[in-house]
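Reading through the structure tokens given below for one structure.
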Amino acid sequence: MNAIRSSVSALTVGLALICSSATAQSSLLDRWYTAMFDVNRVAIAELLADDAVIKLEDLGVTQSKAEFLEALAEWEDIVKTANFAWQLEEGAAVDDSTATALVCYQFPDKELMIREIFAFRDGKIVSTAQSTAADSCDDF
């Protein structure tokens, strides 16, 4: 009986840690996407680690934190016409070091679903790799 209680207790603690990690990463990503769509450079800079690497896989572009921040002027023009929504990808691992999000971008002439895989360290984003998941948001 004690073995069963110990197993149940360990499972409960494990599930609580997973839920806690998912909640922490969801909160961090909520701040990230809010900052990105508000083009809040200060908040974006605070969320990225100094050695962060941003990969835009569809474009074959890899940027440092400084390069990414410099490119936000172009992003600011693009985002003015877009609506967006994001969610953690169902079934993908979420823990203290990684999370995967799906982002639906709705532009006046098309929509697009992007998969973004994040790596974290000390509550900051250390890397993100972005690629197209679908040409529409039908499955979002």
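None of the values given here were measured: they were computed from a predicted structure.
A parallel orientation is assigned to the rings of Tyr105 and Phe107, their planes being inclined by less than 30° (bins at 30° and 60°).
Ile117 and Val103 fall into different hydrophobic clusters, where Ile, Leu, Val, Met, Phe, Trp and Tyr are joined by side-chain heavy atoms under 4.5 Å apart, directly or via other members. Val42 and Ile54 fall into different hydrophobic clusters, where Ile, Leu, Val, Met, Phe, Trp and Tyr are joined by side-chain heavy atoms under 4.5 Å apart, directly or via other members.
Applying the side-chain contact (heavy atoms from CB on, under 4.5 Å) test to Asp77 and every residue at least two apart in sequence or in another chain returns Lys80. In this structure, the side-chain contact (heavy atoms from CB on, under 4.5 Å) partners of Ser136, at least two apart in sequence or on a different chain, are Glu111, Asp138. In terms of the salt bridge (charged side-chain N to carboxylate O under 4.0 Å, His left out) criterion, Lys55 has no residue partners (sequence neighbours excluded). For Ala71, the side-chain contact (heavy atoms from CB on, under 4.5 Å) partners are Gln63, not counting sequence neighbours.
Smallest separation of non-hydrogen atoms from Trp32 and Ile44: CZ3-CG2, 3.8 Å. When all heavy atoms are compared, the tightest approach of Gly123 to Leu28 is O-CD1, 2.9 Å.
In this structure, Thr100 contributes its side chain and Ala93 its backbone to no donor-acceptor pair below 3.5 Å. Here the side chain of Asp95 pairs a donor or acceptor atom with the backbone of Ser97 at under 3.5 angstrom. Without hydrogens or angle criteria, Thr34 side chain to Asp30 main chain gives a donor-acceptor distance under 3.5 Å.
For the disulfide (SG to SG under 2.5 Å) condition, no pair includes a residue of residues 43-85, sequence neighbours left out. Note on residues 66-75: pairs passing side chain to side chain donor-acceptor pair (under 3.5 Å), not counting sequence neighbours, are Ser64-Glu67. Each disulfide (SG to SG under 2.5 Å) pair with one or both residues in residues 71-140, not counting sequence neighbours, appears once here: Cys104-Cys137. Each disulfide (SG to SG under 2.5 Å) pair with one or both residues in residues 38-67, not counting sequence neighbours, would appear here, but there are none.
Asp58 and Ser131 share no donor-acceptor pair across their side chains, judged by distance under 3.5 Å alone.
Rounding to the nearest 0.5 angstrom, the gap separating the CZ atom in Arg41 from the CE atom in Met36 is 10.0 Å.
Proximity of Val39 to Val79: side-chain heavy atoms (C-beta onward) are separated by under 4.5 Å at one or more points. Here the side chains of Ile78 and Thr81 are not in contact, with every heavy-atom distance at 4.5 Å or above.
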Could you tabulate the donor-acceptor pairs under 3.5 Å formed by side-chain atoms of residues 83-90, not counting sequence neighbours?
unit_1	atom_1	unit_2	atom_2	d
Glu89	OE1	Arg115	NE	3.1
Glu89	OE2	Arg115	NE	3.2
Glu89	OE2	Arg115	NH2	2.9

Output a table of donor-acceptor pairs, distance under 3.5 Å, between side-chain atoms of residues 46-53 and any protein atom two or more places apart or on a different chain; print 'none' if there are none.
unit_1	atom_1	unit_2	atom_2	d
Asp50	OD1	Lys65	NZ	3.2
Asp51	OD1	Arg121	NH2	2.7
Asp51	OD2	Arg121	NH2	3.2

*asked:* Pair Leu29, Phe120 - check side-chain contact (heavy atoms from CB on, under 4.5 Å), show working.
replied: CA-CA 11 Å; Leu29 292 179; Phe120 309 103; 4.1 Å; yes
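Hydrophobic cluster of Met113: the remaining members, joined at side-chain heavy-atom separations below 4.5 Å, are Leu102, Phe140, listed by chain and number. The hydrophobic cluster analysis finds Val126 isolated: no Ile, Leu, Val, Met, Phe, Trp or Tyr side chain comes under 4.5 Å of it, directly or through other members.
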